[in-house]
Amino acid sequence: MASRLISVDRWAAGSQVYFLTHLHSDHADGLSSSWANGPLYCSRLTAKLFPFKFPEFNLSLIRVLPIGSWHSLSLLSPSGSEMHLQVMAIDALHCPGSVMLVFRGEFGCLLYTGDFRLEAACERARRSRNMLLGALEDQVVDIIYLDNTYCNPSYDFPPRQVAANQVVNIILSHPEHDVIIGIDTLGKEDLLYHVARVLKIKIWVWPERLRTMHLLGLYDIFTTNTSLTRVRAVPRYSFSIETLEALNKIHPTIGIMASGLPWLKPGLQMSKTFSGSFLTSRSKRAPGRANCEFRSDRQSGNTGALERLHEYIYSVPYSDHSNFAELKEFVKLVRPNNLKGIVSSSSCCTEPMYLGRHCGIKQPAKQLHMNHTSKGSIEREVAVSTKASFLNDDFVESESKRQKTLKVKSSGFRSSKFRALRRMSRGAKIWEHNS
DNA sequence: GCGATCAGAT
DNA sequence: CACATCTGATCGC
């Protein structure tokens with residue numbers, strides 16, 4: 001049906017142009033060094049980081065989209081005529097290089113937010129909002145494709161600035177401890193930078209991550225020398241109770257997980273908050289252990305929960321996705337005719353519709369995530385609602401990317417032991433100069 | 001042996 | 001009850 005002229009964060013063949021909103025692997029996977037399906041548009045910073053993630057990639061395919069200016073494209077429409085459209089990238093403040101995309105053309109005006117967070121009090125976010133409003137001028141956004149990751153009123157967490165200060169306070173209250181902070185391959189640099197600046201310390205990162213920091217222009221505060229600092233940012237997958245227990249045999253150490261848990265409004269489902277989280281580990285489940293003494297420092301209101309999850313581990317509600325209130329404000333600002341979520345998961349499957357009601361959008365029965373089984377009919381709906389068939393399938397497919405299949409798992413003892421050993425060996429890198 | 005893909009774990 | 005990312009198994013080459 002639809003000819004799929006454009007793909008966003010989707011890499012199957014068949015489109016004429018491709019857009020990458022940011023370099024997190026759940027958006028970039030499918031790309032590879034051998035990928036050559038068409039020109040790939042991304043922000044300048046993403047383009048700079050790109051060869052680090054895909055060393056063999058044919059860089060001649062990459063097109064830089066400058067932030068804040070319209071870029072014109074001519075595509076061949078299914079009927080064989082030339083189709084003109086324009087696209088603008090706007091800083092999404094999700095991770096370095098992340099952008100949202102505004103498309104306009106004979107099909108109307110579409111806004112694809114990608115993953116984003118524009119906090120109310122943030123100056124850089126204010127610039128993005130203004131840029132967006134300037135781009136829209138008097139145009140109506142026909143469809144907003146929204147980062148609905150936390151599009152549910154129960155997701156209520158503070159601005160990143162607040163959470164960053166919580167991290168600072170936790171470190172300050174443990175003056176004799178080493179500290180590890182779990183991070184991913186990209187993102188949370190602002191948090192680390194804030195911690196380093198306020199505490200006037202350097203932060204250890206692993207060598208690959210240091211190279212990323214340098215690509216981002218951060219040269220001074222990060223080091224791979226553990227003797228220079230007591231604060232280390234470690235890969236999230238090596239951040240575990242086992243790691244902390246091992247580290248504590250050598251030196252008192254606390255772990256801080258920035259994000260990692262859903263942050264529910266006080267009073268909502270608190271009893272199950274910790275089940276199934278990253279803290280679910282074999283040692284935690286061992287009977288008779290006193291290592292699950294959750295102390296809730298949750299304050300009233302929504303200033304954000306500071307949770308001590310474990311004698312060594314704190315969780316801080318630091319999120320690079322918008323919370324519900326922010327999503328609501330954003331949709332009110334954009335006032336789209338139609339609203340669709342880009343993430344499909346159990347907690348937000350019907351929430352775009354809910355958000356639309358909150359924001360006064362008159363929304364026909366077209367929302368995308370009624371359930372996961374009616375995708376075919378959804379695609380037909382979208383084809384109608386966009387007035388033109390050229391974007392449709394790929395947007396829809398990008399939304400179904402993160403669908404999870406629930407399966408019964410069987411993990412063998414051998415593999416778990418192997419994993420533990422592997423973690424230890426990675427941990428050894430973490431404390432190499434201490435032991 | 002290698003890359004792509006998937007399941008599973010964290 | 002999330003996200004992002006890693007490993008290992010499997011498959012096709």
Side-chain angles (χ1 to χ4, degrees), chain A residues 9 11-13 22-35 53-57 94-95 98 114-117 147-157 182-188 206 208-209 212 234-244 255 257-265 268-285 305 309 313 315 317-324 341-349 351 401-427:
Chain A
D9 294 346
W11 315 111
H22 65 289
L23 259 181
H24 279 155
S25 60
D26 56 331
H27 292 255
D29 274 1
L31 287 171
S32 69
S33 46
S34 58
W35 188 89
K53 191 164 176 106
F54 301 103
E56 308 295 319
F57 196 89
H94 170 69
C95 71
S98 67
D115 291 349
F116 81 109
R117 188 170 190 195
D147 172 15
N148 58 319
T149 304
Y150 294 123
C151 189
N152 182 306
S154 57
Y155 289 126
D156 179 41
F157 41 83
I183 61 169
D184 294 314
T185 56
L186 188 64
K188 309 257 194 299
W206 63 101
E208 280 215 315
R209 198 59 160 92
T212 303
V234 304
R236 182 154 59 162
Y237 63 86
S238 72
F239 184 106
S240 68
I241 289 175
E242 286 93 338
T243 302
L244 265 299
M257 205 57 204
S259 93
L261 286 176
W263 312 276
L264 299 174
K265 262 192 164 146
L268 292 176
Q269 291 188 2
M270 283 307 292
S271 63
K272 289 200 157 189
T273 297
F274 305 108
S275 65
S277 77
F278 71 96
L279 284 175
T280 304
S281 75
R282 286 156 197 90
S283 65
K284 175 187 164 187
R285 272 186 255 113
L309 298 177
I313 298 181
S315 172
Y318 188 100
S319 170
D320 288 320
H321 295 275
S322 307
N323 66 27
F324 183 74
I342 63 173
V343 178
S344 176
S345 72
S346 54
S347 66
C348 51
C349 55
E351 292 312 317
K401 265 178 67 174
R402 300 190 206 172
Q403 288 180 16
K404 301 212 167 132
T405 46
L406 301 172
K407 292 258 164 71
V408 183
K409 61 162 172 67
S410 64
S411 63
F413 169 74
R414 187 207 301 264
S415 82
S416 72
K417 193 169 177 184
F418 182 74
R419 262 176 240 283
L421 286 169
R422 196 176 58 229
R423 260 200 313 276
M424 293 298 289
S425 74
R426 224 186 315 269

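Throughout, protein chains are lettered first and strands after them, A, B, ... in sequence-line order, and every chain is numbered starting at 1. Being a predicted model, the structure only gives us computed values, none of them experimental. When reading the values below, keep in mind they use all heavy atoms of this one structure, side chains included, and skip hydrogens, waters and symmetry mates.
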Looking at the side chain of Thr185(A), which of dA4(C), dT5(C), dC3(C) is the nearest nucleotide? dT5(C)

Taking only nitrogen or oxygen atoms into account, show me every contact under 3.5 Å that the protein makes with nucleotides 2-5 of chain B, one pair per line with its distance.
from, atom 1, to, atom 2, distance (Å)
dA4(B), OP1, Ser32(A), OG, 2.8
dA4(B), OP1, Ser34(A), OG, 3.0

Can Arg236(A) and Asp184(A) be counted as an ion pair, charged N to O under 4.0 angstrom? yes

Does Thr149(A) use its side chain to pair, donor to acceptor, with the backbone of His321(A) at less than 3.5 Å? no

Working note: Phe239(A) + Tyr237(A), criterion side chain to side chain contact (heavy atoms under 4.5 Å, CB included); need CA distance, chi angles, decisive distance, verdict. CA-CA 5 Å; Phe239(A) 184 106; Tyr237(A) 63 86; over 6 Å; no

Under 3.5 Å donor-acceptor pair, Arg236(A) side-chain atoms to dC6(C) base atoms: no

Verify the contact: side-chain N or O of His321(A) to OP1 or OP2 of dA4(C), cut-off strictly under 4.0 Å; return yes or no. yes

Under-4.0 Å side-chain N/O to phosphate OP1/OP2 contact, Thr149(A) with dC3(C): yes

Can you list the residues that meet the side-chain contact (heavy atoms from CB on, under 4.5 Å) rule with Thr212(A), with sequence neighbours excluded? Leu49(A), Phe52(A), Leu186(A), Arg209(A), Leu216(A)

Nucleotide of dA4(C), dC6(C), dT10(B) approaching Ser240(A) most closely (side-chain heavy atoms): dT10(B)

Quick one: side-chain contact (heavy atoms from CB on, under 4.5 Å) partners of Ser34(A), sequence neighbours excluded? Ser32(A)

Can you tell me if His22(A) touches the phosphate of dC3(C), counting only side-chain N or O atoms and a distance under 4.0 Å to OP1 or OP2? no

Between Ser25(A) and dT5(C), does any side-chain N or O lie under 4.0 Å from OP1 or OP2? yes

Side chains of His27(A) and Asp115(A): donor-acceptor distance under 3.5 Å anywhere? yes

